[in-house]
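Structure, as structure tokens:
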Amino acid sequence: RERAWHRDLFDQSMATLLARGTRVRSLVIVVAQACEMNCAFCPTTDRVNIHFRPSGERWQFEDLLHQIARGRELGASEIDFGGNDVLRYPGILDLFQACGDAGYTRISAQSPGQIFADRAFAEAAAAGPLTHVAMPIYGTTAAVHDAITRKPGTFDGLMAALANLRELKREGITILFISHKLDEVLDAADDITVIRAGTTVTTVKPADVTTKQLAELMVGSALPTPET
């Protein structure tokens, strides 16, 4: 199916917001992009066969640049890209650079993450202004993760992606890894920051805490001890 976006309607809405004096901190841009997975919970019913207008027509790169620029008029300093696997959009790295050039200080994306298994892409993304990527891990084993994504091999692909990111970390690139899978956090992180209800609780070293202690910091109270 085709996705339609109309710049005139967008600009009319922008004019209304500006006339009201509306100010925002964050801008969310959804780029409908085909995804190779078939997650059980995903609301998109046709993830692979999404059709797009040719790149020269509306909806494509120039219109995305237009939305990025106009978001700054509303005072936005944070921008989040989503839409199935948005990192597979052909111009995504150029969009991130445009955000950096426009003055956005927090540039984030949501993605299944397998694309970071491509070392060249991982290096290019790490070298640009992208600041955050949310990559879900649905289980600690391939059997659990792949059952949810309904695509064999996605867990292994994600582990390869994380291996690339760890290597980039050793080369001096800072990687922000957000997860509630505590074993993976303890394995991957140099420093762990616990956030609860939007507030930073503490920062600790992996060697100084256990998974139980991290969980207690997350919930704000001691965990019950199983009765024996």
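Taking the six-membered ring where the residue is Trp, the centroids of F81 and F96 are separated by under 6.0 Å. A distance below 6.0 Å separates the ring centres of F41 and Y138.
The closest side-chain heavy-atom distance from L182 to M218 is below 4.5 Å. Looking at heavy atoms from C-beta onward, M135 lies in side-chain contact with L165 at the 4.5 angstrom threshold. Between Y89 and L95, some side-chain heavy-atom pair lies under the 4.5 Å cut-off. Residues V209 and L186 have side chains in contact (heavy-atom distance under 4.5 Å, counting atoms from C-beta outward). Considering only heavy atoms from C-beta on, D183 comes within 4.5 Å of T211 through its side chain.
Remark: side-chain polar atoms of T131 are paired, donor with acceptor, to backbone N or O of I107 under 3.5 angstrom. Looking only at distances, no side-chain donor or acceptor of R106 sits under 3.5 Å from a matching main-chain atom of I79. For Y104 (side chain) and I68 (main-chain N/O), a donor-acceptor pair under 3.5 Å exists by modelled atom type. With hydrogens and angles disregarded, a donor-acceptor distance shorter than 3.5 Å links the side chain of T22 to the backbone of L17. When atom types are taken as modelled, the side chain of T200 and the backbone of T202 share no donor-acceptor pair closer than 3.5 angstrom. Looking only at distances, a side-chain donor or acceptor of N164 sits under 3.5 Å from a matching main-chain atom of F116. Q213 contributes a side-chain N or O that, together with a main-chain N or O of T210, makes up a donor-acceptor pair within less than 3.5 Å.
Here the shortest heavy-atom pairing between R7 and D63 reads NH2-OD1, 2.7 Å. Pairing each heavy atom of P136 with each of L158, the nearest pair is O-CD2, 3.4 Å. Taking all atoms of both residues into account, the shortest heavy-atom contact from A189 to P206 is O-CG, 3.1 Å. The heavy-atom pair separating V86 from A109 by the smallest distance is CG1-CB, 4.2 Å. A pairwise comparison of heavy atoms in S26 and E78 identifies OG-OE1, 2.9 Å as the closest pair. Scanning all heavy atoms of the two residues, the minimum distance from A76 to L27 falls at CB-CB, 4.2 Å.
Between D191 atom CG and D208 atom CG the span is 10.0 Å, to the nearest 0.5 Å. Rounding to the nearest 0.5 angstrom, the gap separating the CD atom in E123 from the CG atom in D118 is 9.5 Å. Between L93 atom CG and L130 atom CG the span is 8.5 Å, to the nearest 0.5 Å. Atoms OG1 and CZ, on T105 and R25 in that order, are 10.0 Å from each other to the nearest 0.5 Å.
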Stepwise side-chain contact (heavy atoms from CB on, under 4.5 Å) check, D80 with H132: CA-CA 9 Å; D80 182 35; H132 298 73; over 6 Å; no
Test V204 against L214 for side-chain contact (heavy atoms from CB on, under 4.5 Å), laying out the working first. CA-CA 9 Å; V204 297; L214 276 180; 4.3 Å; yes
Determine, stepwise, if the pair L18 / E73 fulfils side-chain contact (heavy atoms from CB on, under 4.5 Å). CA-CA 8 Å; L18 290 169; E73 294 179 44; 3.6 Å; yes
May I have the step-by-step check of side-chain contact (heavy atoms from CB on, under 4.5 Å) for I195 and V201, ending in yes or no? CA-CA 5 Å; I195 298 175; V201 176; over 6 Å; no
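With 3.5 Å as the limit, one finds a donor-acceptor pair spanning the side chains of Q97 and D101. Of the N and O atoms on the side chains of H66 and D11, at least one donor lies less than 3.5 Å from an acceptor on the other residue.
With respect to R88 and D85, a salt bridge is recorded, a charged nitrogen being found less than 4.0 Å from a carboxylate O. Ion pairing between a basic and an acidic side chain is recognised when a charged N comes within 4.0 Å of a carboxylate O; R166 and D187 show such pairing.
Pairs engaging residues 188-208 under the ring-ring contact (aromatic ring centres under 6.0 Å, His included) rule: none recorded [sequence neighbours left out].
For T154, the side chain to side chain contact (heavy atoms under 4.5 Å, CB included) test picks out M37, Q114, H145, D146, T149, K151, with sequence neighbours left out.
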